[in-house]
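Read through the structure below, which is laid out as structure tokens, and then see the notes.
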There are 2 protein chains.
Amino acid sequence: MENLEKARGGRPRAFDPDQALDAAMHLFWEHGYEATSLAMLREAMGLTPPQIYNAFTDKETLFRKALTRYHETEIGFALDALSAPVPTREAIRRLLQGAAEAYSRPGKPGGCLFVSGALAASPQAHAIADELKAYRKASEAAIADRLAKGQAVGDLPAGFSVESFAKYIAGVMNGMSIQARDGASSDELRIMAQTALAALPPEEQKRGA
Amino acid sequence: MENLEKARGGRPRAFDPDQALDAAMHLFWEHGYEATSLAMLREAMGLTPPQIYNAFTDKETLFRKALTRYHETEIGFALDALSAPVPTREAIRRLLQGAAEAYSRPGKPGGCLFVSGALAASPQAHAIADELKAYRKASEAAIADRLAKGQAVGDLPAGFSVESFAKYIAGVMNGMSIQARDGASSDELRIMAQTALAALPPEEQKRGA
DNA sequence: AATTTTCCATAGTGATCGATACGAAACCTG
DNA sequence: CAGGTTTCGTATCGATCACTATGGAAAATT
């Protein structure tokens with residue numbers, strides 16, 4: 001991607017916005033939207049309040065930009081798994097194993113920002129909670145799409161409910177996020193992923209036996 | 001249980017503490033510990049701040065009492081399922097189905113208070129987040145105990161890892177809690193529970209076929 | 001160099017947070 | 001009734017919340 005910042009005059013920024021956004025993202029990831037105060041952000045980002053507000057408008061906008069950045073930099077495994085040219089079972093296996101790793105990465109907060117960001121919220125933060133819910137719903141829909149594609153190709157039985165199983169997989173990933181937050185190790189999450197995969201009906205053989 | 005309140009003198013309370021605690025519990029359940037303000041509690045409990053503080057010490061104590069009440073009144077299904085004299089698979093089935101129902105009960109906030117109460121928290125509320133984590137860990141341990149008992153009786157294969165599977169089941173229940181919060185219906189959660197159960201190795205036959 | 005534009009740092013805005021001081025009111029024990 | 005005790009309602013407390021007004025400093029444009 002090109003850097004198409006407006007090259008107009010004026011005093012240049014004394015900090016790197018992406019680096020600041022990264023710091024904010026990690027803080028939101030750790031403490032959630034509402035529990036992360038401006039004072040914490042100020043310290044973690046190394047900026048003064050006017051610098052933050054000039055660059056990111058307000059706390060809500062900063063959080064939304066952190067969500068976008070999280071989506072782009074931390075959970076590429078999901079799109080990779082679901083778009084890989086592999087059988088359906090293998091795609092779901094990669095998805096779950098990828099989550100196991102992403103949710104327990106050393107040096108990162110445990111779990112998934114989409115889950116930890118604002119599971120419960122005050123009425124004032126209802127819009128933020130809804131936005132995170134939309135991200136989770138989108139993940140589930142992406143899984144359902146992949147399963148439907150697999151069903152169309154014969155990877156899955158015809159009577160199989162794509163939506164129900166997508167809800168199960170998405171739910172398991174959310175559960176892994178909480179287990180990660182509770183201190184589950186990478187190995188433990190991998191085993192959980194493997195266990196969850198056992199609920200998937202065995203791949204059908206297309207030819208031969 | 002007997003009511004062993006101190007019958008000493010003084011002006012009597014003008015409200016029912018249990019009823020007030022119920023209102024507080026539902027509010028914490030819906031919005032979480034930190035996002036629930038005293039102003040919200042005041043309105044939902046129908047009390048003035050001094051009434052709340054006199055009866056429940058402070059917000060943190062009130063939340064802990066709400067946790068206890070939640071444990072006693074809302075999730076009896078768990079102990080029922082795990083202590084019922086039934087085969088292990090049936091016990092786990094009842095546990096998951098009970099969660100499906102409890103997490104989507106009409107008129108109640110979706111999901112489980114132990115998950116929604118404080119998944120992410122500010123440094124000030126770290127103790128509360130830890131307490132909830134302890135509740136979740138205790139649930140997982142109770143499942144592990146039940147599985148170990150089942151393994152001892154021959155319900156489960158010898159090579160089966162009780163701890164790993166308990167982590168899977170507890171994780172699935174946490175995931176169901178989030179799906180419930182995202183609007184999953186009782187039926188959808190039941191299907192998720194049934195799907196999750198398929199990962200349990202089939203019951204071994206003790207005699208006959 | 002003059003002008004324009006943007007950002008910087010300091011300080012502080014009103015609103016809301018959780019929690020209380022105070023004195024009157026209502027009960028029990030003598 | 002008087003004395004002791006507890007809760008009541010009213011009015012707030014200091015601290016922190018997200019956020020911004022102000023004015024000078026620094027770099028691009030002319």
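Given the structure is predicted, the values throughout are model-derived calculations rather than measurements. Numbered from 1 within each chain, the chains take letters A, B, ... in sequence-line order.
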Protein-nucleotide distance ([X], atom [atom1]; [N], atom [atom2]), rounded to Å:
X: B:R11; N: C:dA25; atom1: CZ; atom2: C1'; answer: 5 Å
X: A:L38; N: C:dC17; atom1: CG; atom2: C1'; answer: 15 Å
X: B:M45; N: D:dC8; atom1: CE; atom2: P; answer: 12 Å
X: B:L47; N: D:dG9; atom1: CG; atom2: P; answer: 9 Å
X: B:E34; N: C:dC17; atom1: CD; atom2: P; answer: 13 Å

Distance only, no hydrogens: is a donor on one side chain within 3.5 Å (strictly under) of an acceptor on the other, for [X] and [Y]?
X: A:R190; Y: A:S186; answer: yes
X: A:R42; Y: A:T48; answer: no
X: B:D58; Y: B:T61; answer: yes

**Fill in**
Expected list for residues 51-66 of chain A near DNA chain D, using heavy atoms below 4.0 Å, is A:Y53, A:D58, A:K59
In the structure I gave you, are the side-chain heavy atoms of [X] and [Y] within less than 4.5 Å of one another anywhere?
X: B:E101; Y: B:F77; result: no
X: A:Q97; Y: A:R93; result: yes
X: B:N54; Y: B:R13; result: yes
X: A:I178; Y: B:I178; result: yes

**Message:** Please determine whether the number of non-hydrogen atoms from other residues, nucleotides or ligands lying under 6.0 Å from atom CD of B:Q194 exceeds 12.
**Reply:** no
**Request:** Check whether any side-chain N or O of B:R13 sits under 4.0 Å from OP1 or OP2 of D:dT7, and answer yes or no.
**Result:** yes
**Prompt:** Which residue lies toward the 5' end of DNA chain C, B:A39 or B:P12, if each is placed at its nearest nucleotide?
**Reply:** B:A39
**Asked** Can you give one letter per nucleotide of nucleotides 10-16 of chain D, 5' to 3': B if a protein heavy atom sits under 4.0 Å from the base, S if only from the sugar-phosphate, - if neither?
**Response** B------
**Message:** Can you pull out the residues from residues 121-135 of chain B that lie within a 4.0 Å heavy-atom distance of DNA chain C?
**Reply:** none
**Item:** Nearest non-hydrogen partners of B:L96 and B:A196, listed with the distance
**Value:** CD1-CB, 4.3 Å
**Request:** Apply side-chain contact (heavy atoms from CB on, under 4.5 Å) to the pair A:I143 and A:M173, showing each step before the final yes or no.
**Result:** CA-CA 11 Å; A:I143 297 170; A:M173 290 175 70; 4.2 Å; yes
